[in-house]
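Bear in mind that the values here come from a model prediction, so they are computed numbers and not experimental data.
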Amino acid sequence: MVVDDINKQKKLFHYTFGQGKIGGIVFFNDTVLRPEVGQCLKIFYCVTKDRKGEKRSIVLNVEKTTEMNPNALKTIQGRLELKYKDGSWDGSPDFAFIGDYYVHRSVLCEYNITADCNVTADVIYAGQGKWKVIKIHQ
């Protein structure tokens with residue numbers, strides 16, 4: 001599985017197995033690991049149903065791994081194209097796309113991208129058939 005989001009305020013991280021798979025959360029107090037977004041981990045879990053009959057995973061153990069999950073994390077190459085919302089007040093891009101892959105403004109800021117360019121990037125499965133960029137290789 002791959003860590004796709006970390007919420008330090010709520011003291012948890014969210015993970016995904018990739019397309020067509022259920023993901024879940026791990027609370028910091030359930031593990032000593034403090035992973036980064038994009039880090040692959042080995043997770044041992046069981047699946048139960050809640051009161052409404054919906055599937056829910058219960059984490060039993062989490063370990064570091066060097067294995068990669070191509071259903072949830074991959075590297076792409078392409079043309080990054082900046083996008084601006086109407087009335088952008090500071091002239092900086094609001095988001096971008098590399099083909100169909102979404103690039104959040106925070107990623108653009110982190111890598112100081114101010115113009116369209118060719119890039120290699122790591123993308124993570126974001127659910128519902130969509131992928132988002134988490135890292136740009138420079």
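Hydrophobic clustering, with ILVMFWY side chains joined whenever heavy atoms are under 4.5 angstrom apart, keeps Ile136 apart from Phe95. In the hydrophobic clustering of ILVMFWY residues, with side-chain heavy atoms under 4.5 Å counting as a link, Tyr84 and Ile98 come out together. By the rule that hydrophobic residues join a cluster once side-chain heavy atoms approach within less than 4.5 Å of another member, Phe17 and Val2 end up as members of one cluster. Hydrophobic clustering, with ILVMFWY side chains joined whenever heavy atoms are under 4.5 angstrom apart, groups Met68 together with Met1. Under the 4.5 Å side-chain heavy-atom criterion for grouping Ile, Leu, Val, Met, Phe, Trp and Tyr, Val133 is connected to Tyr111 within one hydrophobic cluster.
At a threshold of 4.5 Å between non-hydrogen side-chain atoms, the residues Tyr102 and Trp131 do not count as touching.
Although no hydrogens or angles enter the test, the distance criterion places no donor-acceptor pair under 3.5 Å between the side chain of Arg79 and the main chain of Val119. Asn61 places no side-chain N or O within 3.5 Å of a backbone atom of Ile43 that could act as its donor or acceptor partner. In this structure a side-chain-to-backbone donor-acceptor pair under 3.5 Å is missing from Asp5 to His14.
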Next on the checklist: Quick one, Lys49 with Glu54, criterion salt bridge (Lys or Arg N to Asp or Glu O under 4.0 Å). Give me CA distance, side-chain angles, the key distance, then yes/no.
Outcome noted: CA-CA 5 Å; Lys49 290 186 178 182; Glu54 295 180 20; over 6 Å; no
Checklist entry - Which is it for Val37 and Ile6 under the side-chain contact (heavy atoms from CB on, under 4.5 Å) test, yes or no, and what are the steps along the way? => result CA-CA 7 Å; Val37 171; Ile6 297 172; 4.1 Å; yes
Checklist entry - Are Tyr45 and Tyr15 close enough, and set up right, to give a ring-ring contact (aromatic ring centres under 6.0 Å, His included), and what steps lead you there? => result CA-CA 12 Å; Tyr45 68 99; Tyr15 61 88; 7.3 Å; no
Checklist entry - side-chain contact (heavy atoms from CB on, under 4.5 Å) between Lys10 and Phe27: does it pass, once the steps are laid out? => result CA-CA 8 Å; Lys10 293 183 179 180; Phe27 290 93; 5.9 Å; no
Checklist entry - Would Leu73 and Ile134 count as a side-chain contact (heavy atoms from CB on, under 4.5 Å) if you check the C-alpha gap in whole Å, the side-chain angles of each, and the deciding distance to 0.1 Å? => result CA-CA 10 Å; Leu73 180 69; Ile134 59 168; 4.0 Å; yes
Next on the checklist: If you apply the rule side-chain contact (heavy atoms from CB on, under 4.5 Å), what do you find for Leu80 with Ile113, and how did you get there?
Outcome noted: CA-CA 9 Å; Leu80 182 143; Ile113 296 176; 3.9 Å; yes
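In this structure, CG in Asn112 is found 11.0 Å from CD in Glu110, a value given to the nearest 0.5 Å.
Classified by interplanar angle (parallel below 30°, tilted 30° to 60°, perpendicular above 60°), the ring pair Phe13/Phe28 is tilted.
Between the side chains of Asp4 and Thr16, no donor N or O sits under 3.5 Å from an acceptor N or O.
Salt-bridge formation is detected for the pair Asp94/Arg105: a Lys NZ or Arg NE/NH1/NH2 atom is positioned less than 4.0 Å from an Asp or Glu carboxylate oxygen.
Counting non-hydrogen atoms of other residues, nucleotides and ligands closer than 6.0 Å to CG of Asp100 gives a total of 12 or fewer. Surrounding CD of Glu63 are more than 12 heavy atoms belonging to other residues, nucleotides or ligands, all under 6.0 Å away. For Lys74, the NZ atom counts as densely surrounded, since its 6.0 Å shell holds more than 12 non-hydrogen atoms of other residues, nucleotides or ligands.
Between Leu82 and Asp116, the closest heavy-atom pair is N-OD1, 2.8 Å.
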